[in-house]
Student: 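Sharing a structure here in structure tokens format.
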Amino acid sequence: MYSAGGWDPPARYRTGQVCVAQGMDVFVPVQAPGINIPLWGEEDYLRVVAWWYDRNFENGVPHALIGMTLQEEVAGIWGDAAEDIGTDNRARIMISQPGPYRYRVKLTGIATLGANELGCAANEMLVYYALVAEDNGRQAGTPVDVVTYVRPE
């Protein structure tokens with residue numbers, strides 16, 4: 001978040017890519033690899049987006065479909081918090097006031113037959129994802145470190 005005091009880093013963010021096959025579920029934790037801590041419960045929102053490029057979409061013929069579900073773990077049980085079945089080439093989810101739980105994104109291959117993406121096996125779609133958890137408040141005295149929080153990728 002930007003304010004008069006400068007940039008405030010997000011509470012949590014993650015980006016990446018994964019291959020998804022038809023009928024397959026791929027789970028991406030909101031936590032960074034090796035960090036298994038829940039959200040604090042003070043975040044104002046959690047946003048997730050996934051997108052994929054299928055040439056068939058531009059040509060108006062049947063194209064890859066990927067479902068995205070945001071799941072939360074409460075008392076050791078994973079449940080669905082929100083869902084978006086991407087009917088074009090992207091899926092988006094935003095929830096307000098996420099609780100102090102562990103979250104993960106479930107990407108499901110609904111229709112990927114015929115996909116041929118570099119770096120993936122036959123009939124798998126390469127799916128890019130990004131997520132951010134943020135609060136609207138600014139931590140007083142937080143130093144601004146552009147090199148750490150503004151990634152040049």
Side-chain angles (χ1 to χ4, degrees), residues 1-3 7-57 61-140 142 148-151 153:
M1 176 178 176
Y2 181 77
S3 68
W7 284 102
D8 186 24
R12 190 165 297 160
Y13 75 92
R14 184 155 188 205
T15 61
Q17 62 191 39
V18 65
C19 297
V20 179
Q22 186 157 322
M24 174 182 170
D25 291 331
V26 176
F27 296 95
V28 177
V30 169
Q31 294 75 10
I35 300 175
N36 194 26
I37 58 172
L39 293 180
W40 295 286
E42 297 176 6
E43 295 83 3
D44 291 309
Y45 59 83
L46 176 58
R47 293 181 181 169
V48 184
V49 64
W51 64 100
W52 53 97
Y53 176 69
D54 185 347
R55 290 162 190 81
N56 291 328
F57 180 72
V61 297
H63 54 85
L65 295 176
I66 306 292
M68 183 171 72
T69 306
L70 181 65
Q71 297 184 317
E72 59 188 10
E73 182 187 34
V74 179
I77 299 172
W78 287 100
D80 296 348
E83 180 180 46
D84 183 15
I85 304 299
T87 56
D88 48 13
N89 62 343
R90 63 186 177 263
R92 297 171 300 270
I93 292 176
M94 183 185 109
I95 61 171
S96 297
Q97 306 301 318
Y101 312 121
R102 274 188 264 285
Y103 286 87
R104 69 183 182 187
V105 178
K106 180 174 79 170
L107 299 168
T108 303
I110 297 171
T112 64
L113 295 179
N116 187 14
E117 294 298 315
L118 188 62
C120 294
N123 298 317
E124 290 185 344
M125 182 56 56
L126 182 61
V127 179
Y128 299 91
Y129 61 85
L131 57 92
V132 64
E134 181 62 290
D135 61 68
N136 292 326
R138 176 171 167 70
Q139 289 78 36
T142 302
T148 300
Y149 299 113
V150 180
R151 296 174 53 181
E153 300 175 51

Student: Return the minimal non-hydrogen interatomic distance between I85 and G67, and the atom names on each side.
Tutor: CD1-CA, 3.9 Å
Student: I need the minimum non-hydrogen distance between C19 and V26, along with the two atoms involved.
Tutor: O-CG2, 3.8 Å
Student: Checking T108 against D25: is there a side-chain donor and acceptor pair closer than 3.5 Å?
Tutor: yes
Student: Could you tell me which residues satisfy side-chain hydrogen bond (donor to acceptor under 3.5 Å, both in side chains) with Y53, sequence neighbours excluded, listed by chain and number?
Tutor: E58
Student: With sequence neighbours excluded, what pairs up with Q71 under the side-chain hydrogen bond (donor to acceptor under 3.5 Å, both in side chains) test?
Tutor: D80, R104
Student: Under a 3.5 Å threshold, yes or no: a donor from one side chain and an acceptor from the other, between E72 and Y103?
Tutor: yes
Student: Which atom pair, heavy atoms only, marks the closest approach of W78 to R102?
Tutor: CZ3-O, 3.5 Å
Student: List for me each residue that meets side-chain contact (heavy atoms from CB on, under 4.5 Å) alongside V105, sequence neighbours excluded, and say none if there are none.
Tutor: V28, V48, M68, L70, L107, L131
Student: Under 3.5 Å, side chain of Q22 to main-chain N/O of G109, donor-acceptor pair present?
Tutor: no
Student: Shortest non-hydrogen contact from Y129 to Q17?
Tutor: CE2-N, 3.5 Å
Student: For A50 versus V127, what's the shortest heavy-atom pair and its separation?
Tutor: CB-CG1, 3.9 Å
Student: Report yes if the side chains of P29 and R14 come closer than 4.5 Å at any heavy-atom pair, otherwise no.
Tutor: yes
Student: Identify the heavy atoms of L46 and P98 that sit nearest to each other, and give their distance.
Tutor: CB-CG, 4.1 Å
Student: Go through the structure and list residues passing side-chain contact (heavy atoms from CB on, under 4.5 Å) with A122, not counting sequence neighbours.
Tutor: none
Student: Rounded to the nearest 0.5 Å, what separation is found between the CG atom of L65 and the CG atom of N89?
Tutor: 10.5 Å
Student: Just by modelled atom types, is the A64 backbone N or O under 3.5 Å from a matching donor or acceptor in the W52 side chain?
Tutor: yes
Student: Partners of R47 by side-chain hydrogen bond (donor to acceptor under 3.5 Å, both in side chains), sequence neighbours excluded?
Tutor: none
Student: Roughly how far, to the nearest 0.5 Å, is the CD atom of E124 from the OG1 atom of T112?
Tutor: 7.5 Å
Student: Could you list the residues that satisfy side-chain hydrogen bond (donor to acceptor under 3.5 Å, both in side chains) with T69, not counting sequence neighbours?
Tutor: none
